[in-house]
Each structure stands twice: as C-alpha cells, then as structure tokens.
Chemist: 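Have a look at the structure that comes next, please.
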There are 2 protein chains.
Amino acid sequence: MTTINDIAKMANVSRTTVSRVLNNNGYVSESARERVMKVVEATGYIPSVSAKSLRTKRSGVIGVILPKISTETASRVVGGINEVVAKEGFQILLTDTELNHEKEIEYIRLLHSRHVDGIILLATNVNDRLLNTIEDANLPFISLGQELPGVTSIVYDDYHASRDMTHMIIKKGHKKIAYIGVGEDDPAVGVLRKQGFIETIQEAGLEVEESWIRYGDFSIESGYESMKQIVEASPGNLPTAVFVVTDRMAVGAMEYLKEQGLRIPQDIAITGIGASVMSKYVSPSLTTIDYFNKEAGTMAAELLLEQLQDKNTKKKFLQNYRLIERDSV
Amino acid sequence: MTTINDIAKMANVSRTTVSRVLNNNGYVSESARERVMKVVEATGYIPSVSAKSLRTKRSGVIGVILPKISTETASRVVGGINEVVAKEGFQILLTDTELNHEKEIEYIRLLHSRHVDGIILLATNVNDRLLNTIEDANLPFISLGQELPGVTSIVYDDYHASRDMTHMIIKKGHKKIAYIGVGEDDPAVGVLRKQGFIETIQEAGLEVEESWIRYGDFSIESGYESMKQIVEASPGNLPTAVFVVTDRMAVGAMEYLKEQGLRIPQDIAITGIGASVMSKYVSPSLTTIDYFNKEAGTMAAELLLEQLQDKNTKKKFLQNYRLIERDSV
DNA sequence: CTGAAAGCGCTTACAG
DNA sequence: CTGAAAGCGCTTACAG
C-alpha cells in the first residue's frame, strides 16, 4: 500500500506538507501543492483511516443501533440518516440488537471503542444501565423514537397520534373499540399509544372490555393471533372497530377477519400506525398514521452533526405526524 | 480514555503481557492473566480499534455496498449478512449508491481506505472500471445478485425463474402476455429475466407485441405507468396476462388495472418476482418468486468469512428460488 | 512557506 | 513465561 511517506518522497516534500495539502490546512506553496496532487492522483493514494483516526480521535463514522435491521421503519430511518451524513463524508456503522436490550448497551460500548464520532440509537426501552452507558461513552448521541432523559431525543408524538386516531374512530360512530398493542416495556409504542387510546375512549364516555385488549410483538402473525383471540373471546359481542398500534399487526388482524368472512370496515373497522408501503395496497387500504420516519432520520443526523460541532442542543424534539384516512374505517 | 499502558501499569505487567491476555495468544502465567483481567473489568477498558487496525491491517469491519438502503430486498440481505458476521465479532459498514454506478467504484475505494476486511457488493451492473477497482482493492470480495467475472458471485437464477414463471402463465392458457421490465444495463434483472421470458414465449410458439413490452425503474409508480401505457396502446386488444420483473412494479400495475375496473386475474393476470411481504397481502395476492434474499445474504457473509481465512473459493453460486402461486393468475 | 520530531495505542518479532 | 523496542501511517505543535 502506498503511504504518506511514499507520496512525500515522490513529490519531493515532507510528509507534513503532504498532510497539509490533503487536509487543506496550513500554508502550502502552490508549486508544492501541485506536485503533491499530481502524485496523489497518479498513485490513487488514499490515506489510512485507522492511522488518521488514531491520531485525531475522529473516525468519520456514525454508529447506528437498530432494534431490527430488516424492517421498513428502520430502513427508512437509516436512509434518512445516510442521506445527510454521506454528504458530509461520514459512513454508517450498523448494528442490530434484534430487540435484545442487553445488546443496546453492548453496542454502545463497542461503537465507542471503534471511535465512532457519534451514535444514533433507535431505542426500544429505557433503563438506568442504558443511560449510564450512554453517559460513560460521552459521545454525541441521539435517541430516536424514545425519550431518554439527558440525551437529545427525537420522538414521535405517539400520545397525540393515538388520540387523533381514536377520536376519528369514535367520530365515525364506533362505540365498541378493541385494542391491539405491544408490551409496556416499550414506553413509546407500548405505553404512550395505549394511553392516548384509553384516555380518549374514556373521555368519550366509552369503555373497553378487558377481553378486547391484546398484545402482540410487532409481527404480522401476532396481529393475526390477537385479532383471533379477541373475536373468539367475544362471541355475539364483537367490537366494531380495532385500534392496532402498528401497520404490520393491523395487516395480520385484517387477514384473520377476512378469513372469517368479516367485512372491513362494515363489520369491523381497523386502523394502523406507520404508513408502511403495504398499508396503501392491502384491501381495503389501511387507515394509518404517517410518522415521517425518513425525515426523523434526517433530523437525527442533522442534530448529531450539530453536536459534533459542539453546538450543544440537548433537547427533546417532537416529530410531526399525519393521519391518513383510507378505506379500512 | 484508558489505554493499554494504564492497564499495564495498574496490573504491574508490561503492555506486551496485557496484549497477550487480551488476544489470548502467547504464554501468560495464570497470576498475570488474573491481575490483568481484574483491572480490565474494573476499568471497563476497551482496546482502541484504530490502533489495533493500524497495526494489524485488520479492522473487524465488513463493507456492504447497497444500491438502495431502504428497500425490502436490501434490508433482508443485510439482515442475513449481519446475522453471520455479528457472530464472528464483525461489524457492517454500510454504503448506499442510490443506484449511481459511479458510487459503486467510489465506495469500494473508500471502504478499502477504511481497512475493511472484506466487501459485499449488491451490484446492479457490470463494467470494466468496476472490475478493475475490485481487483486493485485486492480484498476478499463477494458480488451478490450479479455475476462479476473473476470475483465470487452469488446470483439468483433469474433466467430459470423467469422461464418457470412464464411457463406457468402459459400453462394457465394465456397466449397474449405482456412484459414490464427494467433497463438492460442491469444484467440480472434487465437482461436475464427478459431473456427467460422471451425465450419461453417463443418456444411456445407465441409472440409478444412490441407495444406490450415496457420498462420501469423498480418503483411502484413506474409499474403503474407501464401498465397504463400497455393498456392505452392496445385498445380492443389487451393482453390477458402481464409478466412483471419485480413485485413492486407488479403492485403498481395491479393498482392501475383495479382503477380501470379490470379484474385480476379474470381480465388480466399479473405476476411479480421477489416475494415481498406486500405481495402476500395485496388483493388478489400476488403470484411471485421467492429468491430467499436473507439466505443469499447469509451465504455471502459465509463465503466472505471463508475468503478471510484464505480458503480461496472464487466461484459462481446459483441461489435457489421458489415459485409461489397465489391468486393473481 | 516548510520540515523534523513526537506521539496516538496497539502488536509482534526478538532476546532473555 | 516476560518485557523493551520497533513500527503501523498519520497529524500537529514547534522552530525556523
């Protein structure tokens, strides 16, 4: 491999000078610059990032921690992140916790040891060890999707999104509304969305049957199963609408209803959250909420870049959303 | 940051010894090992990857070059790759060419400079500059989805998959079959899939109207547009089936047909390729081909790991596929 | 405007 | 079984 020393020799300058022209800092005479550039181009020389990083403590790499890599939300977010960091010459180092909370902590430390310049975490839960690890790493850090005390967080407005959706369902005349959610160790999806739903229901003077509340695990199959349980638990007293906290589970629920010959929305209405591509093309098309995941990714990246410049903006940012009314309600 | 020197001092050994216990090589007395481990744990010491990489020329990072990050295929493949490399302690450095051929080359060089231990490229085209760049990099290298001469390639069996699908359409009694493809600078999707289609058609003694052949750009919208053009170009003489080379474009085509009040499959049958999640939940459910993307990713990673061990296996691997018959034909 | 030298944090022959 | 020393390829005060 050709190194800075080779370039220096070939261009007849010191490696200090080579470094200066490559990084565009300090004084360099025009003739020296030209000689160096010529050699650099001729050899196709690329500086060693390890050496540079060892010396400068910066790597040009952003660590991204995902709960699950092959997910529509994740890939949208990563797309958004990549769009802005790539422009600034950063790369993304990707890790996947597979929804294992322990791995979130492990990966933060790992990314730290790799000298990443910053980390974006798509958190799924909040706990003290996680918070401590983040603090120890002492790195520019963004949490996306969950509010983490003391760290810059971009969160979706789960509470109000759920309220709006529930409101809309009620306005359509539904009084018997079921709920398919996820576990409450996930503050955003599990707690906030449920809270928005329940409170809106109660404010409308309605009630939710215990047997109409089920929990899945984000998968399509779990939506199918939850729907099945709700239907089987309430013969002769079916809900007329189901509020589902994710599109994927909603699609699973729809699948079960269709199998049972129940018409959507005439017999049972369904809503999702997430605005997955699929939500638009299932039939009936699914009423859902767009969280603008890509934009959230863009924003996360921009905030991280700001933190890299020392502009300290430790705040909570609430992401916009948009209710998309389609044919499933 | 605590370094190997700190650990050495605290454990009362040389840093040579610390290195030995950390990397588990060379002789170390039990007592020395214990002292070192105790200090390492107490301090939470993590070795600097840059320093290590500078010294050893290995980084523990695998570079992955994607044509588009936020795509179902890509995320499945990456999921597969990650599953195997993570187990071996490798990380993934992700780059996205946004379908820009120039960037494929640029990223190979960039990843090289970052001392990645190997590269997996989801290629979209083949050209000499690309091939040269790969050769120059002189790194363990896997091409996924396109056959690249001289480099280990995992390819989908586009030709036979197309043949099988076309065959199936013909067997259902269709004689007037349209085609929606992509540009032929993509040898796998653009050329091979088309070839499999055309040849099977001709062997069956059928013909394809010029106006029934259209090209999209992988997007749902382009499938919609292509379908529209086909329908509008052939009033009174519509095809009875459409072979579409990707699920997304097929979904777009279905959307247009439904809007026009054409029934699928009674009026026009549709097929896709890719087995996207969506294909199962659109209505009617889409007949398609599963390419086992995740397994392809797994395999790519395994082959790369083998190459890292110097087991030289420069070969072409043909990936399996499976025709999924559903309701759109 | 330019270069010699120190140093970033590791690993690895080499010598004992 | 252990350590001193060289060196990986850079950048950055410092001195001129």
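Labels below follow one simple rule: chain letters A, B, ... track the order of the sequence lines, proteins then strands, and each chain is numbered from 1.
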Chemist: Got a sec, which pairs hit salt bridge (charged side-chain N to carboxylate O under 4.0 Å, His left out) with one end in residues 58-85 of chain B, sequence neighbours left out?
Modeler: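 Matches after skipping sequence neighbours: Glu72(B)-Arg76(B), Glu83(B)-Lys294(B).
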Chemist: Picking from Ile4(B), Leu22(B), Val21(B), what satisfies side-chain contact (heavy atoms from CB on, under 4.5 Å) with Val40(B)?
Modeler: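 Result: among Ile4(B), Leu22(B), Val21(B), Leu22(B) is the only option passing the side-chain contact (heavy atoms from CB on, under 4.5 Å) with Val40(B).
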Chemist: Check the pair Ile134(A), Ile108(A) against side chain to side chain contact (heavy atoms under 4.5 Å, CB included), reporting the backbone distance first and the verdict last.
Modeler: CA-CA 7 Å; Ile134(A) 295 174; Ile108(A) 292 171; 3.8 Å; yes
Chemist: With sequence neighbours excluded, tell me which residues meet ring pair (Phe, Tyr, Trp, His ring centres under 6.0 Å) with Tyr291(A).
Modeler: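 Only Tyr156(A) meet the ring pair (Phe, Tyr, Trp, His ring centres under 6.0 Å) criterion with Tyr291(A).
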Chemist: Considering only residues two or more places apart or on different chains, which pairs with a residue in residues 118-144 of chain A satisfy salt bridge (charged side-chain N to carboxylate O under 4.0 Å, His left out)?
Modeler: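 Qualifying pairs, neighbours excluded: Glu102(A)-Arg129(A).
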Chemist: Got a sec, which residues hit salt bridge (Lys or Arg N to Asp or Glu O under 4.0 Å) with Lys316(A), two or more places apart in sequence or on another chain?
Modeler: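 Here the qualifying residues are Glu147(A).
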Chemist: Could you run through nucleotides 8-16 of chain C and give me one letter per nucleotide, 5' to 3': B if any protein heavy atom sits under 4.0 Å from the base, S if only the sugar-phosphate is that close, - if neither?
Modeler: BBBBB----
Chemist: Tell me the stems DNA chain D sits in, counting at least three consecutive Watson-Crick or G-U wobble pairs, each under 3.5 Å on both distances.
Modeler: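 Detected stem regions: C:1-3 with D:14-16, C:5-12 with D:5-12, C:14-16 with D:1-3.
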Chemist: Please state the P separation for the pair dG9(D) and dA13(D) - nearest whole angstrom.
Modeler: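 The answer is 23 Å between these two P atoms.
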Chemist: Within the structure shown, what part of the strands sits under 4.0 Å from Val49(A) by heavy-atom distance: base, sugar-phosphate, or nothing?
Modeler: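 Counting heavy atoms under 4.0 Å across all strands, no contact is made by Val49(A).
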Chemist: For Asn125(B) and Glu104(B), run side chain to side chain donor-acceptor pair (under 3.5 Å): C-alpha distance rounded to whole Å, both residues' side-chain angles, the deciding distance at 0.1 Å, then the answer.
Modeler: CA-CA 10 Å; Asn125(B) 72 110; Glu104(B) 290 183 344; 3.0 Å; yes
Chemist: Please check if the number of heavy atoms outside Lys57(A) that lie under 6.0 Å from its NZ is greater than 12.
Modeler: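 Yes - once you tally the heavy atoms of other residues, nucleotides and ligands closer than 6.0 Å, there are more than 12.
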